[in-house]
Amino acid sequence: MKTVLVTGGTRGIGLATALRFSENNWNVYITSRKEENLAEVLGEHSHLKGFVANADSEEAAIETCDAIVKETNSIDVLINNAGTNPSGGYLMDVDISRIQKTWDVNLLGPLLWARAAVKAGLKESILNVASVGGIKPASYMGAYNISKAGLIYMTKQLAKELAPNIRVNGIAPAVVKTKLSKMLWENDEQATADLHALKKLGTPEDISNLIYFLSNEEASWITGEVVTIDGGYLL
Ligand SMILES: NC(=O)c1ccc[n+]([C@@H]2O[C@H](COP(=O)([O-])OP(=O)(O)OC[C@H]3O[C@@H](n4cnc5c(N)ncnc54)[C@H](OP(=O)(O)O)[C@@H]3O)[C@@H](O)[C@H]2O)c1
């Protein structure tokens, strides 16, 4: 049985991804910042396992990856999903501490978890959850979008550095209906949906299907790609 580690797996895209792997008989570990969130999800889904671990902590990344290898003998796939956006606003105005947190969790974090997983013996692939914001600028999302643009570049850099043994890919979603994006759709969902050619928001399951495909053997000749999944937003 193969093992996958999904950072930030208590809700949204991360939880849908954890369940997608689990349905396919993977051994699935998730992380969360909060003991109570983790306990609730593990209580509901007894086949999942997890650790409290902040995505921007090198120590937590190393401890988590080492603990998983101790329990299961291997980590096959890492999904760098955890992300945050406390930094809405114009780059000239947003508190530097909020920008720093965004870049720590969204950009440095995936590198810390990639390093920890590789050092622990990661076998197959890494998948980074970026964003269309990393491709096309949007007002008010500058700090977040810069972190995702960096993550897109990092995906390609790591793909080159970790080949031929480990594949590294990414995805770039537009607006997916989750807690993180709530401020973009809660006032007028259809107006936000209309920004996408398909006139609907993405669902966590739309995204987890692509993550699952890119992360396992069916995509064994794909590396260094960041696949846009945006309902036609960029058209
Ligand atoms: N939703 C969208 O429209 C959209 C579009 C493009 C890209 N994305 C990206 O997709 C990824 C998942 O987002 P989502 O929309 O599914 O968000 P979400 O529903 O808010 O879920 C975020 C998950 O990340 C965890 N998390 C947040 N900060 C963390 C930290 N510092 N350390 C560890 N875990 C942390 C949360 O768990 P706890 O609260 O339990 O810690 C939660 O499980 C993110 O990287 C996001 O940037 C989302």
Side-chain angles (χ1 to χ4, degrees), residues 5-20 28-45 48 50-61 63-64 78-88 98 100-110 112-113 116 127-136 138 141 143-152 154-155 170-186 189 192-193 195-196 200-208 210-211 226-231 233-234:
L5 167 58
V6 183
T7 66
T10 53
R11 59 174 183 268
I13 294 168
L15 179 57
T17 301
L19 296 176
R20 184 72 164 84
V28 181
Y29 286 85
I30 61 172
T31 66
S32 162
R33 288 164 300 177
K34 297 174 188 161
E35 185 74 57
E36 66 271 23
N37 291 1
L38 190 64
E40 194 182 326
V41 171
L42 299 189
E44 244 172 76
H45 304 284
L48 303 181
F51 292 95
V52 174
N54 210 308
D56 60 358
S57 163
E58 182 176 27
E59 199 186 350
E63 278 177 16
T64 302
L78 167 67
I79 311 293
N80 271 318
N81 167 74
T84 192
N85 185 16
S87 53
R98 290 175 176 271
Q100 184 78 57
K101 185 69 185 171
T102 306
W103 293 355
D104 281 352
V105 173
N106 295 359
L107 183 56
L108 182 61
L112 296 175
W113 287 80
L127 188 291
N128 293 322
V129 180
S131 167
V132 286
I135 299 169
K136 183 184 176 201
M141 300 273 285
Y144 174 87
N145 286 350
I146 289 167
S147 72
K148 295 299 188 179
L151 186 56
I152 289 170
M154 192 200 294
T155 300
I171 58 161
V175 182
V176 183
K177 200 170 171 186
T178 67
K179 187 173 175 194
L180 183 83
S181 63
K182 201 168 176 193
M183 76 250 182
L184 299 175
W185 50 263
E186 65 184 341
E189 185 172 331
T192 304
L195 299 173
H196 306 72
K200 56 183 180 181
L201 301 183
T203 66
E205 290 72 27
D206 289 330
I207 310 304
S208 62
L210 178 60
I211 291 176
V226 178
V227 178
T228 298
I229 173 162
D230 70 346
Y233 173 82
L234 290 181

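Position 1 is the first residue of the sequence, and the numbers go up from there. Order of appearance sets the numbers: ligands from 1, and atoms from 1 within every ligand.
Contact between P204 and ligand 1 is absent, with no heavy atom of the residue lying under 4.0 Å from the ligand.
Counting heavy atoms closer than 4.0 Å to ligand 1, residue K148 contributes side-chain atoms (C-beta onward) but none from N, CA, C or O. Contacts of A172 with ligand 1, taken as heavy-atom pairs under 4.0 Å, are absent altogether.
Residue G12 approaches ligand 1 through these ligand atoms, each under 4.0 Å from one of its heavy atoms: 16 (O), 19 (O). Per-residue contacts place K179 under 4.0 angstrom from the following atoms of ligand 1 (heavy atoms of the residue considered): 19 (O), 20 (O). Set against the non-hydrogen atoms of V175, the atoms of ligand 1 under 4.0 Å away are 3 (O). Proximity to N37 (heavy-atom distance under 4.0 Å) selects the following atoms of ligand 1: 38 (P), 39 (O), 40 (O). Numbered from 1 in the order shown, with element, the atoms of ligand 1 that lie under 4.0 Å from a heavy atom of A55 read 30 (C), 31 (N), 32 (N), 33 (C). Within the listing of ligand 1, atoms 31 (N) sit less than 4.0 angstrom from a heavy atom of V105. Proximity to S32 (heavy-atom distance under 4.0 Å) selects the following atoms of ligand 1: 38 (P), 40 (O), 41 (O).
Of the protein's non-hydrogen atoms, R33 NH2, 2.6 Å is the one closest to atom 39 (O) of ligand 1. Atom 14 (P) of ligand 1 has T178 OG1, 3.6 Å as its closest protein atom, hydrogens excluded (heavy atom only).
Across all their heavy atoms, G150 and L107 have their closest contact at C-CD1, 3.5 Å. Shown here for V105 and A55, the closest heavy-atom pair between the two residues is CG1-CB, 4.2 Å.
Counting heavy atoms only, N81 comes closest to atom 11 (C) of ligand 1 of the residues D230, I13, N81. Comparing heavy-atom distances from atom 2 (C) of ligand 1 across I207, L15, L201, V176 singles out V176 as nearest. Of the listed residues (A82, G83, A130), the one carrying the non-hydrogen atom nearest atom 7 (C) of ligand 1 is A130. Around atom 5 (C) of ligand 1, the closest heavy atom drawn from A174, S181, S131 belongs to A174.
Residue contacts with ligand 1: G14 is placed with no nitrogen or oxygen under 3.5 Å of a nitrogen or oxygen of the ligand (distance criterion only).
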